[in-house]
Amino acid sequence: KRFLPKILSGEEIWCQGYSEPNAGSDLASLQLRADKDGDDYILNGQKRWISLGTLADHILVITTLDPAQQHRGLCALMLERDMPGITTGTITGKLGVRASDSAWMTLENVRVPVSHRIGEEGEGFLVGYALHLQADGYKMVPGGDLPDGPCVLEKTFEKDDADNKWGMKVIHRMKLRTIGYDNDLY
């Protein structure tokens, strides 16, 4: 509710900060740390290849709370560009699409309120994957029981687990149904 209205209206721009120097886009290998400190997370690490990274008002990053948990220990956080400790710069000399801005980002002791978390702790992989599929044009509505549109992800997280078929939250089943694998994937 805090970010979505201005993003949808076009007043503000957001981007995704997933890739890292030593992990690429392998979310299970991320090294950007989010350490809990009261009602905040303290972030330290780097991101690379962020489309619109020097232009966006907000950056959705996937962080690790516990590297040993791999994809189950991730957290999605929405950062504001002007948060102290965030440094960004443009990547130049790249191959491929040069019309798109690509950025690097360094985060040093960046304090992010818990209220900026998207989903729950441990659901960062699911948030990142759901947004990736959405960007690729997949309909992210499990079984057609939710309205289509920009609030689908938010409503999915709020949906009651009463119809929990495999012991997973709805978003887990949504991902599994969308890519056609069984429940052993996550």
Side-chain angles (χ1 to χ4, degrees), residues 3-4 7 12-36 40-114 116-138 140 150 153 157 171-172 174-176 178-179 181 185-186:
F3 303 107
L4 198 54
I7 290 170
E12 296 180 347
I13 299 170
W14 76 283
C15 65
Q16 298 173 346
Y18 294 179
S19 296
E20 294 185 0
N22 297 315
S25 58
D26 175 10
L27 296 182
S29 298
L30 294 181
Q31 297 175 3
L32 174 63
R33 290 291 308 216
D35 295 310
K36 196 89 175 272
D40 295 326
Y41 295 98
I42 307 298
L43 274 57
N44 284 288
Q46 301 175 26
K47 294 290 182 180
R48 293 289 185 272
W49 306 111
I50 307 167
S51 297
L52 300 175
T54 61
L55 305 172
D57 301 292
H58 307 287
I59 305 132
L60 177 68
V61 297
I62 307 296
T63 67
T64 184
L65 300 166
D66 180 1
Q69 293 290 319
Q70 296 183 321
H71 64 282
R72 295 173 198 249
L74 301 179
C75 184
L77 298 169
M78 186 69 86
L79 309 182
E80 296 178 50
R81 163 157 310 289
D82 59 356
M83 289 178 157
I86 296 177
T87 306
T88 60
T90 302
I91 296 174
T92 58
K94 65 181 182 173
L95 297 174
V97 181
R98 291 176 178 238
S100 172
D101 168 69
S102 291
W104 56 265
M105 179 190 316
T106 300
L107 299 101
E108 294 182 39
N109 297 316
V110 177
R111 187 170 288 274
V112 182
V114 171
H116 284 50
R117 188 181 65 221
I118 308 297
E120 299 297 324
E121 288 185 0
E123 293 184 343
F125 179 85
L126 299 172
V127 171
Y129 197 76
L131 291 173
H132 172 72
L133 289 176
Q134 187 84 10
D136 284 347
Y138 288 87
M140 298 302 294
L153 186 61
F157 280 119
I171 193 157
H172 299 143
M174 175 173 62
K175 175 181 64 99
L176 298 175
T178 302
I179 61 176
Y181 288 104
L185 182 63
Y186 185 79

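The salt bridge (Lys or Arg N to Asp or Glu O under 4.0 Å) test applied to D40 returns R111, not counting sequence neighbours. A search for side-chain hydrogen bond (donor to acceptor under 3.5 Å, both in side chains) contacts involving N109 returns N44, not counting sequence neighbours. With sequence neighbours excluded, the residues forming a salt bridge (Lys or Arg N to Asp or Glu O under 4.0 Å) with E80 are R2, listed by chain and number. Listed by chain and residue number, R33, P67, L74 satisfy the side chain to side chain contact (heavy atoms under 4.5 Å, CB included) test with T64 (two or more places apart in sequence, or in another chain). Residues meeting the side-chain hydrogen bond (donor to acceptor under 3.5 Å, both in side chains) test with T88, sequence neighbours left out: R81. Residues passing the side-chain hydrogen bond (donor to acceptor under 3.5 Å, both in side chains) test with T90: none are found, sequence neighbours excluded.
The side-chain heavy atoms of L79 and L43, taken from C-beta on, include a pair separated by under 4.5 Å. Between V110 and Y41 there is no side-chain heavy-atom pair separated by less than 4.5 Å. Looking at W49 and I91, their side chains come closer than 4.5 Å, going by heavy atoms from C-beta outward. The closest side-chain heavy-atom distance from V112 to R117 is not below 4.5 Å. Taking 4.5 Å as the limit, every side-chain heavy atom of W14 sits out of range of all side-chain heavy atoms of L52. Annotation: side chain of I62 is not in contact with side chain of H71 (no heavy-atom distance under 4.5 Å).
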